[in-house]
Amino acid sequence: MPEGPSIVILKEAVQQFSGQKIIDVSGNSSIDILRLKKKTIREFKTWGKHFLICFDDFTVKIHMLMFGTYRINERKETVPRLRLVFADGEINFYTCSIKILEGDVNLHYDWEEDVMNENWNPEKAKRSLDKIPKQMICDALLEQNIFSGVGNIIKNEVLYRCKIHPESRVGKIPEKDIVSLIDESVVYSFQFLDWKKNYELKKHWLAHTKKTCLRCDLPLVKKYTGTKKRRSFFCTNCQKLHQ
DNA sequence: TATAATGTTTGAAC
DNA sequence: AGTTCAAACATTAT
């Protein structure tokens with residue numbers, strides 16, 4: 001479910017309810033869900049992996065974490081964390097984190113940090129990376145305040161495509177490679193979006209979960225890298241280690 | 001069937 | 001005081 005493109009798909013899938021009034025609400029979320037009853041949804045937004053339901057003076061933030069799911073005009077067997085009922089349909093969210101953000105949503109988010117947002121600012125990402133030269137690039141790509149929306153799959157695919165070893169130190173990577181990593185994080189995120197919509201995402205994985213490098217035919221290394229200790233799949237022959 | 005996985009926050013321990 | 005770490009949350013495919 002989780003990475004940024006999947007949340008964009010969710011946003012597109014619920015557009016039929018934008019501007020609609022919630023006529024009933026239920027679920028086992030710990031937030032005050034009754035607050036949503038009879039309120040009109042002004043807009044759905046996303047910021048990376050955050051799905052945002054915006055009302056006049058507050059926003060419901062939904063994070064799918066690792067296992068979150070949703071159903072539109074359908075129900076699973078289990079009790080939903082949150083169910084929103086409209087005059088002509090409903091949305092059900094399961095196993096997700098839900099929080100309320102007070103006031104203008106723009107005060108909570110910097111849209112320039114979201115790789116899939118129209119306000120994405122690659123120069124800002126570059127400046128942010130310049131501030132963390134000692135971090136490994138595998139950790140930096142997962143920093144949501146630099147590459148909001150990038151998850152572990154996108155990380156592995158971007159590093160493979162750019163031929164950069166995940167344990168490279170940010171400050172040792174040549175500037176042209178940093179720029180290509182920033183660019184590719186956007187390009188691949190939108191490819192991810194298209195492929196996911198067509199149920200063919202995995203078919204296009206070049207490195208993630210793969211056993212062999214398709215460039216040189218040597219085995220890919222699987223290793224839990226960086227301080228975040230997320231699994232990386234990489235080719236020590238084709239991906240350069242800058243240290 | 002046990003394990004691991006597209007994630008993040010929290011709070012204890014050092 | 002800063003870091004590191006495990007725990008917690010919880011589902012599903014292999």
Side-chain angles (χ1 to χ4, degrees), chain A residues 1-13 27-31 33 46-52 59-71 74-83 92-101 108-110 113-116 131-132 134-161 166 184-211 220-234:
Chain A
M1 211 330 41
E3 303 194 30
S6 297
I7 307 305
V8 171
I9 289 172
L10 165 57
K11 183 179 94 171
E12 293 177 357
N28 60 15
S29 168
S30 58
I31 66 161
I33 57 175
T46 66
W47 181 83
K49 301 164 189 172
H50 298 204
F51 178 63
L52 304 168
T59 293
V60 173
K61 175 184 92 178
I62 298 184
H63 200 303
M64 296 298 186
L65 300 177
M66 198 77 97
F67 309 123
T69 52
Y70 62 88
R71 293 289 186 274
E74 287 177 15
R75 296 181 179 189
K76 294 178 72 169
E77 302 262 325
T78 56
V79 175
R81 178 112 327 138
L82 180 66
R83 168 175 296 149
N92 294 291
F93 297 97
Y94 305 87
T95 34
C96 51
S97 161
I98 303 183
K99 288 182 177 163
I100 300 261
L101 304 176
H108 294 272
Y109 292 104
D110 182 345
E113 296 169 346
D114 179 353
V115 297
M116 302 193 74
K131 291 176 191 163
I132 52 167
K134 292 181 179 173
Q135 280 197 35
M136 288 183 181
I137 189 63
C138 58
D139 285 328
L141 280 166
L142 293 173
E143 280 298 332
Q144 297 302 294
N145 288 307
I146 304 178
F147 296 100
S148 177
V150 170
N152 206 39
I153 296 171
I154 297 175
K155 174 199 84 177
N156 281 322
E157 291 297 307
V158 166
L159 287 168
Y160 184 78
R161 283 164 166 76
E184 188 62 24
S185 68
V186 176
V187 169
Y188 183 73
S189 290
F190 281 96
Q191 286 185 326
F192 185 127
L193 175 64
D194 289 339
W195 290 330
K196 181 92 180 174
K197 282 179 178 174
N198 292 321
Y199 308 101
E200 59 180 14
L201 178 66
K202 292 184 185 182
K203 189 171 87 181
H204 297 279
W205 286 348
L206 304 181
H208 195 253
T209 72
K210 296 296 176 181
K211 300 257 191 264
L220 289 183
V221 173
K222 173 189 169 184
K223 182 179 179 186
Y224 293 83
T225 59
T227 60
K228 295 189 191 300
K229 296 184 171 56
R230 302 297 303 277
R231 61 180 186 164
S232 292
F233 298 85
F234 56 97

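From a predicted model like this one, the values you see are computed outputs, not experimental measurements.
OP1 or OP2 of dT8(B) sits under 4.0 Å from a side-chain N or O of Lys49(A). Remark: Arg230(A) is in phosphate contact with dT6(B), judged by side-chain N or O atoms under 4.0 Å from OP1 or OP2. A sub-4.0 Å separation between OP1 or OP2 of dT11(C) and a side-chain N or O of Tyr70(A) is absent. Contact annotation: Lys228(A) does not reach the phosphate of dT6(B) (side-chain N/O to OP1 or OP2, under 4.0 Å). Taking side-chain N and O atoms only, His63(A) has no distance below 4.0 Å to OP1 or OP2 of dG7(B). The side chain of Arg231(A) places an N or O atom within less than 4.0 Å of a non-bridging phosphate oxygen (OP1 or OP2) of dT6(B).
For DNA chain B, runs of at least 3 consecutive pairs of the Watson-Crick or G-U wobble type, with both hydrogen-bonding distances under 3.5 angstrom, map to B:2-5 with C:11-14, B:7-14 with C:2-9.
Considering all non-hydrogen atoms of both residues, Ser148(A) and Asp114(A) come closest at O-OD1, 3.4 Å. Residue Trp47(A) comes nearest to Gln144(A) through the heavy atom pair CH2-O, 3.3 Å, listed as atom of the first residue, atom of the second, then distance. Summarising the geometry of Asn152(A) relative to His208(A), their closest heavy-atom pair is O-CD2, 4.1 Å, with the distance given to 0.1 Å.
When rounded to the nearest whole Å, the span between CD of Glu3(A) and P of dT6(B) equals 8 Å. Atom-to-atom, CD of Gln144(A) to P of dG7(B) comes out at 8 Å; the value is rounded to the nearest Å. dT6(B) atom P lies 10 Å from atom CG of Leu142(A), rounded to whole Å. Between Tyr224(A) atom OH and dT6(B) atom C1' the separation is 13 Å, expressed in whole Å. Ile154(A) has its CD1 atom 13 Å from the C1' atom of dG7(B), to the nearest Å. When rounded to the nearest whole Å, the span between NZ of Lys61(A) and P of dT9(B) equals 7 Å. dA5(B) atom C1' lies 9 Å from atom CD1 of Ile153(A), rounded to whole Å. When the C1' atom of dT11(C) is taken as reference, atom CZ of Arg71(A) falls 11 Å away, rounded to whole Å.
Ranked by how close their nearest DNA chain C nucleotide is to the 5' end, Lys229(A) and Lys76(A) are led by Lys229(A). Both Thr227(A) and Lys202(A) lie near DNA chain C, and the one whose nearest nucleotide falls closer to the 5' end is Thr227(A).
One side chain, Lys155(A) or Ser232(A), offers a donor N or O that lies under 3.5 Å from an acceptor on the other.
When distances run from any side-chain atom of Leu65(A) to the nucleotides dC9(C), dT10(B), dT6(B), the shortest one goes to dC9(C).
With P as the reference atom, dA4(B) and dA6(C) are 15 Å apart, rounded to whole Å. The separation of dT4(C) from dT6(B), taken at their P atoms, amounts to 23 Å, rounded to a whole angstrom.
Under 4.0 Å is where a charged nitrogen must lie from a carboxylate oxygen, and between Lys196(A) and Glu3(A) no such pair does. Between Glu143(A) and Lys228(A) there is a salt bridge, with a side-chain nitrogen of the basic residue lying less than 4.0 Å from a carboxylate oxygen of the acidic one.
Shown here are the side-chain hydrogen bond (donor to acceptor under 3.5 Å, both in side chains) partners of Lys11(A), two or more places apart in sequence or in another chain: there are none.
One finds the NZ atom of Lys61(A) at 12.0 Å from the SG atom of Cys96(A) (value rounded to the nearest 0.5 Å).
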